[in-house]
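Below is one structure; the comments refer to it alone.
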2 protein chains.
Amino acid sequence: MSILLEATALDDYKSQMNIAKSNLPKIEHAPQTLRDIVQERMRTAIIEGHFAPGERLIERPLCDQLGVSRTVVRETIRFLEAEGLVEIIPNRGPIVALLDWDQAVQIYEIREQLEGSAAAVCAQRYSGDFAKRLGEALAALNATMDDSEWIGVMRATTRFYEIIFTESGHSIAWDIVQRLNGRISRLRVLTLSAKDRPKPGMSHMTAIFEAIISRDADAARAAVEAHILDASTTAQRFLQDETKKAAGDV
Amino acid sequence: MSILLEATALDDYKSQMNIAKSNLPKIEHAPQTLRDIVQERMRTAIIEGHFAPGERLIERPLCDQLGVSRTVVRETIRFLEAEGLVEIIPNRGPIVALLDWDQAVQIYEIREQLEGSAAAVCAQRYSGDFAKRLGEALAALNATMDDSEWIGVMRATTRFYEIIFTESGHSIAWDIVQRLNGRISRLRVLTLSAKDRPKPGMSHMTAIFEAIISRDADAARAAVEAHILDASTTAQRFLQDETKKAAGDV
DNA sequence: TATGGTATGATGGTATACCAAGATATTGGG
DNA sequence: CCCAATATCTTGGTATACCATCATACCATA
């Protein structure tokens, strides 16, 4: 059964539509539309690697798998296209976006700037229970490092940075970073599941944490840069191995 | 007659569809789809201010004005939503995105970093006829400054930065900057058409040009930062005036 | 074997119908 | 005369059917 078919929010939505206003506890009814659900599901399916890069996304099968109309699927694809997660091949239709090393380098560089700034601003301005929350996120990240479930590590990492971006007030930069992360998700999977470097990643995150907490903006930025340099180096190794292997397979 | 109804590419497309393969010089047939045309047209209509911020974008009238089906319009809106040019109000539909000063500040800060980096990289690495091309772009920009057509100034400015980003190889950052510029287009219009500051803008651009040409990366970055600081200061003045006026109107 | 035609499948584009939710107008009762 | 309940209109969301085009694979014939 397809990953897209898991019976969850989509079915809830549909049954809710039919039942309509049968029960009253509809307060706080977040008007989550079908599109939102499908978007979210396809986005995570791509990011988590259930679709291979370059794989075609054929409309009607997707409709069948998701149980929604073409309209919804097409609008979703349009949205993901704008996000850079999907590319449109003229007269052939959408495919999962491909990623070459040049693009990856650019993305790491942009992340370096945006994450570095957010961390620096954070170090200067944080207040309230921010330190506590960031510490908890770091602890949670540390906990995920052991069970080596890359998906958990990725989510914990995201959570860690989300706290930083939120505290710094850089919501737009956070949007951009998340979108860029989606595009290099394949590389993140590779680096996160790399057996030979769970420790360096953790030490970098700890360094970022400590620099922010001690209100050292320059050190915070430097720590972020070190973290991303490490990640990009690891990613490069994998991507080039992969490229070589692909070249050999031909 | 609506801005959207200008008879141009859209009609060409449609008649081309019917004529089909009557004449052979169809080589280099850029497969521009209806969606692409509608997207481009609506994007520029929003950016150039033909739709007011907050204005509702009602599907069926748009279909009538553009002469296309709801599918095309809806997919276009989805794309522009992902671009941040359009917001969806639950149960009310899409509106032209609103912009508050907090968001604008964030956007200026991100632009500062991305444009600064591109200029710095450019200064270090430019080659070929880049200097000549950038000089021509600067001259073109200077020429537009006189006739005070803000649209021309905006395009020339975009062209100037496009050359920088292209030469630096930062294509993804350029995408991001362009998208961000779309979101603050209203502010750019205000600042560009400000009668009291055609000169400062030009002098900043000249400073950027000279710093890059003399391969001084630090100076280039500083010049970009000065330029954006100036732009954001001007923008802030306008936006706050506007806010005050709006408050007074209530 | 090579050429050309055909069948198939996928996409882009269009039209239409239906229902739900909001907004507005209307009308009836106090 | 005012308030409230109802009716109507508009819009958004969804689903479905249809056509034209493009690409590809297959097949038959020279």
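A, B, ... follow the sequence lines: proteins, then strands. Residue 1 opens every chain.
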task = Rounded to the nearest angstrom, tell me the gap between atom CG in B:D64 and atom P in D:dT11.
result = 10 Å
Sub-3.5 Å pairs of nitrogen or oxygen atoms, protein against nucleotides 22-24 of chain C:
from, atom 1, to, atom 2, distance (Å)
C:dG22, OP1, B:N91, ND2, 3.0

key: salt bridge (Lys or Arg N to Asp or Glu O under 4.0 Å) involving B:E112 - partner list, sequence neighbours excluded   = none
request  = Could you tell me the separation between the CZ atom of B:R70 and the C1' atom of D:dT11, rounded to a whole number of Å?
outcome  = 8 Å
Contacts under 3.5 angstrom, residues 102-109 of chain B side chains, donor-acceptor by atom type, not counting sequence neighbours:
from, atom 1, to, atom 2, distance (Å)
B:D102, OD2, B:Q106, NE2, 3.3
B:Q103, OE1, B:D100, N, 3.3
B:Q106, OE1, A:S171, N, 2.9
B:Q106, OE1, A:S171, OG, 3.3
B:Q106, OE1, A:I172, N, 2.8
B:Q106, NE2, A:G169, O, 3.0
B:Q106, NE2, A:S171, OG, 3.2

ask   = Starting at the 5' end of DNA chain C and moving along, which residue's nearest nucleotide shows up first, B:S69 or B:R60?
value = B:S69
key: Nearest-angstrom distance from the residue atom CD1 of A:I95 to C1' of C:dA10   = 15 Å
A:E87: partners by salt bridge (Lys or Arg N to Asp or Glu O under 4.0 Å), with sequence neighbours left out = none
message = Classify A:P61 by what it touches in the nucleic acid, base, sugar-phosphate, or nothing, heavy-atom distance under 4.0 Å.
response = nothing
request  = Identify, with sequence neighbours excluded, every residue that meets ring pair (Phe, Tyr, Trp, His ring centres under 6.0 Å) alongside B:F165.
outcome  = B:W174
request  = Under 4.0 Å between any heavy atoms, over every strand shown, what does B:I89 touch: base, sugar-phosphate, or nothing? Just pick one.
outcome  = nothing
inquiry  = Tell me if a side-chain donor or acceptor on B:S117 pairs with a main-chain N or O of B:L114 at a distance below 3.5 Å.
reply    = no
inquiry  = For B:F130, give me all partners under ring pair (Phe, Tyr, Trp, His ring centres under 6.0 Å), at least two apart in sequence or on another chain.
reply    = B:Y126
key: Interface with DNA chain C, restricted to residues 71-80 of chain B and to heavy atoms under 4.0 Å   = B:T71, B:V72
query = Does B:E55 have any salt bridge (Lys or Arg N to Asp or Glu O under 4.0 Å) partners at least two apart in sequence or in another chain, and if so, which?
reply = none
key: Set of residues satisfying salt bridge (Lys or Arg N to Asp or Glu O under 4.0 Å) with respect to B:R70, sequence neighbours excluded   = B:E59
ask   = How close or far is atom C1' of C:dA10 from atom CG of A:L62, stated in whole angstroms?
value = 12 Å
key: Rounded distance (Å) that lies between atom P of D:dT14 and atom CG of A:D36   = 9 Å
